[in-house]
Amino acid sequence: MDTAMAYWLMKSEPDVYGIDHLAAEPDGTEHWDGIRNYQVRNLFRDRFQPGDQAFFYHSNTKVPGIVGIMEVVSEAYPDHTAFDPDEKYYDPKSDPDHPRWLMVDVRYIRHLDRLITLAELKADPALADMRLVQRGNRLSVMPVSEVEWQHILDMEKQDGNDNR
DNA sequence: GCCAACGTTGGC
DNA sequence: GCCAACGTTGGC
């Protein structure tokens with residue numbers, strides 16, 4: 001399968017694991033574990049490829065939004081944290097012979113020059129089709145189109161308070 | 001295979 | 001801290 005590079009948005013709570021944590025890892029690389037949602041598992045399995053790029057999004061925090069960029073650096077592989085009873089996301093229905101959950105490795109690329117807030121993303125008509133801004137969306141990993149990706153990078157260069 | 005109950009996510 | 005929206009579970 002040789003499809004074009006894809007773009008993603010991946011949420012994490014900064015108090016639990018934020019972009020500064022990733023940036024501080026050896027080689028800026030860490031596995032994105034703890035996904036226990038089948039839609040996301042399937043994205044990992046079927047659509048994630050090394051070389052894809054992803055926005056790092058801070059959720060469940062005072063001002064949620066996009067804070068940086070990372071790169072996917074592995075194929076999907078079994079999430080071993082599901083095997084360990086001491087882990088928060090232990091799942092007794094997953095075992096090494098029949099792993100139910102997958103993860104990918106990601107590498108820190110850079111912080112954005114500024115936080116692009118969820119409020120801004122919601123207010124921008126060009127981004128109305130993003131899963132992120134749609135009602136009741138609960139995916140913690142979701143696709144971003146190339147057009148949306150570029151648009152958000154353009155927003156980075158603008159003043160967040162009001163555009164243009 | 002339906003669907004109520006429950007747990008989780010995550011914005012506000 | 002509240003609660004809407006959603007996914008999952010399990011009884012039937």
Side-chain angles (χ1 to χ4, degrees), chain A residues 6-25 30-48 52-70 72 76-106 108 111-145 148-149 151-156 158-163:
Chain A
Y7 299 95
W8 307 99
L9 181 145
M10 302 170 78
K11 295 181 178 179
S12 187
E13 301 185 21
D15 293 343
V16 178
Y17 194 88
I19 191 168
D20 292 332
H21 295 100
L22 181 63
E25 302 284 0
E30 182 58 294
H31 43 255
W32 199 268
D33 63 40
I35 295 296
R36 298 292 180 266
N37 171 287
Y38 288 104
Q39 288 184 62
V40 176
R41 193 273 311 268
N42 295 348
L43 288 176
F44 280 174
R45 185 189 61 200
D46 301 334
R47 307 213 8 224
F48 268 63
D52 289 355
Q53 291 200 283
F55 286 128
F56 198 124
Y57 177 95
H58 280 174
S59 67
N60 207 10
T61 188
K62 196 140 193 177
V63 184
I66 295 171
V67 292
I69 294 174
M70 52 194 167
V72 177
Y77 62 100
D79 182 344
H80 57 76
T81 67
F83 309 148
D84 182 350
D86 294 332
E87 287 281 350
K88 179 178 177 193
Y89 294 108
Y90 172 60
D91 182 351
K93 293 175 192 151
S94 187
D95 67 67
D97 291 334
H98 302 92
R100 174 175 297 203
W101 303 114
L102 302 174
M103 60 188 180
V104 297
D105 290 348
V106 293
Y108 171 81
H111 283 66
L112 295 191
D113 294 340
R114 65 181 189 85
L115 170 68
I116 300 179
T117 66
L118 177 61
E120 283 178 75
L121 297 167
K122 280 185 165 170
D124 194 321
L127 301 176
D129 288 338
M130 281 189 83
R131 299 288 291 272
L132 181 73
V133 303
Q134 285 166 13
R135 199 184 64 133
N137 171 57
R138 300 181 67 211
L139 288 183
S140 64
V141 172
M142 67 194 80
V144 176
S145 77
E148 291 161 350
W149 180 272
H151 187 83
I152 291 166
L153 290 182
D154 290 343
M155 293 171 78
E156 181 187 11
Q158 298 167 358
D159 176 355
N161 292 321
D162 210 332
N163 323 315

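Just so it is clear: chains get the letters A, B, ... in the order the sequence lines come, proteins before strands, and each one is counted from 1. In this text the structure is predicted, and so the values were computed from the model without any measurement.
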Q.
Just checking A:W32 against A:F56, ring centres under 6.0 Å apart?
A.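 That pair passes the under 6.0 Å test.
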
Q | A:W149 ring center near A:F55 ring center (under 6.0 Å) | A |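 Judged by ring-centre distance (under 6.0 Å), A:W149 and A:F55 do meet the cut-off.
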
Q.
Going 5' to 3' along DNA chain B, between which two nucleotides do contacts with chain A fall, using a heavy-atom cut-off of 4.0 Å?
A.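 The contacted stretch runs from B:dG7 to B:dC12.
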
Q) Base, sugar-phosphate, or nothing: which does A:K62 touch, judged by heavy atoms less than 4.0 Å apart? A)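 If one applies the 4.0 Å heavy-atom cut-off, A:K62 turns out to touch nothing in the nucleic acid.
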
(Q) At 4.0 Å (heavy atoms only), tell me whether A:Q39 reaches a base, stays on the sugar-phosphate, or touches nothing. (A)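 Counting heavy atoms under 4.0 Å across all strands, the contact made by A:Q39 is with sugar-phosphate only.
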
Q) Would A:Y77 and A:W101 count as a ring-ring contact (aromatic ring centres under 6.0 Å, His included) if you check the C-alpha gap in whole Å, the side-chain angles of each, and the deciding distance to 0.1 Å? A) CA-CA 8 Å; A:Y77 62 100; A:W101 303 114; over 10 Å; no

Q: Could you name each residue pair satisfying side-chain hydrogen bond (donor to acceptor under 3.5 Å, both in side chains) that touches residues 55-67 of chain A, not counting sequence neighbours?
A: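 Non-adjacent pairs meeting side-chain hydrogen bond (donor to acceptor under 3.5 Å, both in side chains): A:E13-A:N60.
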
Q. How are the rings of A:F44 and A:F48 set relative to one another: parallel (under 30°), tilted (30 to 60°) or perpendicular (over 60°)?
A.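 A:F44 and A:F48: perpendicular rings.
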
Q. 5'-most contact on DNA chain B: A:A119 or A:Y89, nearest heavy atom basis?
A.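 So the residue in question is A:Y89.
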
Q) Can you check side-chain contact (heavy atoms from CB on, under 4.5 Å) on A:H21 and A:E30, steps first, answer last? A) CA-CA 9 Å; A:H21 295 100; A:E30 182 58 294; over 6 Å; no

Q.
As a quick check of understanding, evaluate side-chain contact (heavy atoms from CB on, under 4.5 Å) for A:S145 and A:Y7, giving each step before the final call.
A. CA-CA 6 Å; A:S145 77; A:Y7 299 95; over 6 Å; no

Q: For A:N60 and for A:R100, locate the closest nucleotide of DNA chain C by heavy-atom distance; then report the residue assigned to the nucleotide nearer the 5' terminus.
A: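 By nearest-heavy-atom nucleotide position, the 5'-most residue is A:N60.
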
**Q.** Contact check, side chains of A:I69 and A:L153, non-hydrogen atoms, under 4.5 Å
**A.**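 Side chain of A:I69 against side chain of A:L153, heavy atoms only: contact under 4.5 Å found.
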
Q.
With the threshold set at under 4.0 Å for non-hydrogen atoms, list the residues of residues 127-137 of chain A touching DNA chain C in residue-number order.
A.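 Within this stretch, A:R135, A:G136 sit under 4.0 Å of the strand.
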
